[in-house]
Protein chains: 2
Amino acid sequence: MVTIYDVAKTAGVSIATVSKVLNNTGRISEKTRKKVLCVVKNLDYQPNIMASALMGKKTKTIGLLIPDLANPFFSELARNIEDSAQELGYSLFICSTDYLSEKEHKYISLLRQKNVDGFILASGFEDLQKVEDLIKEDIPVSIVARDFPMFPVNTVAVDDFIGGYQATSYLINLGHENIGIIARDVWSNRERFRGYKQALEENNLKVPSYFEYAEESNIIWGKRITNKYLKHDHAPTAIFACNDLLTIGAIQAAKENGLIVPEQLSVVGFDDTAIATIVDPPLTTIAQPIQVMGREVMKLMIDMIENQKMDKIRVTLMPELVERKSTAKIKREVTS
Amino acid sequence: MVTIYDVAKTAGVSIATVSKVLNNTGRISEKTRKKVLCVVKNLDYQPNIMASALMGKKTKTIGLLIPDLANPFFSELARNIEDSAQELGYSLFICSTDYLSEKEHKYISLLRQKNVDGFILASGFEDLQKVEDLIKEDIPVSIVARDFPMFPVNTVAVDDFIGGYQATSYLINLGHENIGIIARDVWSNRERFRGYKQALEENNLKVPSYFEYAEESNIIWGKRITNKYLKHDHAPTAIFACNDLLTIGAIQAAKENGLIVPEQLSVVGFDDTAIATIVDPPLTTIAQPIQVMGREVMKLMIDMIENQKMDKIRVTLMPELVERKSTAKIKREVTS
DNA sequence: GTGAAAGCGCTAACAG
DNA sequence: CTGTTAGCGCTTTCAC
């Protein structure tokens, strides 16, 4: 390992001088700066980040907490955040918390020990305490893809309420009057639910009485809830599912029940991850601008880390309905 | 930030003593050990890893290089590696290299600066130089999900040759005689190709003359190559695609050409990621034991990092064909 | 058993 | 302009 001492020695200067040229601090003659830089290159010297971190410098490292890296939405989000981070010279610790606050706490203290410059939380946990602690200790925190409404913290998220409203309105315009929803009992889904309800009410429609929450956001639960809904007398003719995985489960349940999507059951999803286009039929879904989200949240982080910008802002992105093949105009039954 | 000095002071001992009880080194009386531990707990003291890293200790940090976090195979692999890592108290820097050796080099030197304890490479790059350098400098390296045949380095991978052989044999048993392959020109795919060729030759079958490599492992290229194959006089009745994404592309191309999968075109994939079950029809595919791969590669890393185990071993896992609905017995044309 | 002191590689006053 | 020096928080001899 080549250290600052090696550079200093072979350049014939002191380590202070080397440090100064490397950090662009103090005043250095052009001649020595050239020489030092040259030696640095020749020796392929890389400053030890641990050592400079000890002196209170940044580590150029950010902790990213997400619920599950194997979930396409979060892996795509992580990928976009990573791209922004990499451009800015930051590395990412990526951690999956499985929506468990226990794991979140563990990861947060683990990463704090490792002197991360800040945290990006997409973690979906409802427990604000840990976040408040971080903010109190002036550790940069940004929230992405979820929202803490009454909480001063940097946030970038899609407008879930509008997303739910869009999805539902679209279905209503298609002629559906009996629209089910599949959601988990987490903040973002509750907002989408509100939007759904709002659209319903504006059209004098109601949430089906048999509504129930899914316990996890996966295909299994999408299928399970849909199967239950389909068993009822007034089974829905359309379903709004709060993410693409749930939507796929809904389609699978429909198939099992002998229903053709979209002719006999319309479904609209949420997220627009890569899988939305590979299922059959491809999903009509509410697209989250994942790439923009990644970029914006990194921008906020950098502002906090490098520019000490400590005022909190909230970036709200607009979701967008993308029409594909999982929805259709309702066909009236002969009996009606 | 509470330091070792704070602990020492309130426990009424020296920092050396605190360090000793925390690291279980030297000899400490049961009484002082108790006291120190108690103070540590009360103050919620967490040793600063940067500082101990400076003294030559491990950072409990590993760099994981993969081609693309948004690719389901790699995000699932990363997730499994992360789980093992987390159990062992390690954090992961996850980096996507896009198969670009330039990015790989950049990430490797960036992470070296950050004193990672080792590297797990799933990166799919063909350039061995950087890996050799790392090994020469005694930096633990393990390769996963790809293979460097003539190179002393810890490796865990599936037997790609056998996988290709299995897929092709299965298709042959179904009666197919005209079997195409979709592959990229990378090591693992070339091995699968070898297996495919072997199975073909054992049955006096040949690789179609119109074979060509895909340039990327995604749906687009799967579709593109399949479209080309389907245009030929002796279009294949079955296709073995070297990953699930390519397979999905093949299915899409078939649909566009008015062919029904599997009745008119059988396809078998590779990987068995989550998406294999959500497409229609669900994929018959060669399953890689992703979870085992993650666990095994972390085991190798830990052996190198914590037990200085420097002899290199290769763990070869067996792939397994899982039958679903994308393949069928061939129907002879009336003309034959 | 315990503590004083040196030093890991680096930055930041402060002198000169 | 450049170098000396004092730490950052920790581990590790080596005395006591």
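Residue numbers start from 1 in every chain, and the chains themselves are labelled A, B, ... in the order their sequence lines are given, proteins ahead of strands. All values derive from a computational prediction rather than experimental measurement.
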Would you mind telling me which of [options] lies closest to the side-chain atoms of [X]?
X	options	value
B:Lys57	C:dG1, C:dG9, D:dT12	D:dT12
B:Met55	C:dG9, C:dT2, C:dG7	C:dG7
B:Pro47	D:dC10, C:dC10, C:dA13	D:dC10
B:Lys20	C:dT11, C:dG3, D:dG9	C:dG3
B:Val13	C:dA13, D:dT11, C:dG3	C:dG3

Describe the nucleic acid contact of [X] in one word from base, sugar-phosphate, nothing, applying a heavy-atom distance below 4.0 Å.
X	answer
B:Ser19	base
B:Ile49	nothing
B:Thr32	sugar-phosphate

Mind calculating the distance between [atom1] ([X]) and [atom2] ([N]) to the nearest angstrom?
X	N	atom1	atom2	result
B:Asn115	C:dG9	CG	C1'	10 Å
A:Leu22	C:dG9	CG	C1'	13 Å
B:Asn23	D:dT13	CG	P	12 Å
B:Asn48	D:dG7	CG	P	18 Å
A:Ile28	C:dA12	CD1	C1'	13 Å
A:Glu30	D:dT2	CD	C1'	15 Å
B:Ile15	D:dG9	CD1	C1'	8 Å
B:Gln46	D:dG9	CD	C1'	14 Å

Quiz question: by atom type and distance under 3.5 Å, do the side chains of [X] and [Y] form a donor-acceptor pair?
X	Y	answer
B:Asp133	B:Gln129	yes
B:Arg184	B:Asn218	no
B:Thr61	B:Asp117	no

Assess whether side-chain contact (heavy atoms from CB on, under 4.5 Å) is satisfied between A:Leu65 and A:Leu111, documenting all intermediate values. CA-CA 10 Å; A:Leu65 268 57; A:Leu111 295 189; 4.2 Å; yes
What is the distance from atom CD of A:Glu82 to atom CD1 of A:Ile62, rounded to the nearest 0.5 Å?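 Here the rounded value is 12.0 Å.
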Aromatic B:Phe74 / basic A:Arg79 pairing, under 6.0 angstrom, 45° off normal: no
Quick one: is [X] getting a side-chain N or O under 4.0 Å of the [N] phosphate, OP1 or OP2?
X	N	answer
A:Ser52	C:dG9	no
A:Ser14	D:dT2	no
B:Thr17	C:dG3	yes
A:Ser29	D:dT2	yes

Toward the 5' end of DNA chain C, which comes first, A:Thr3 or B:Tyr5, by nearest nucleotide?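 Looking at the nearest nucleotide for each, B:Tyr5 comes out on the 5' side.
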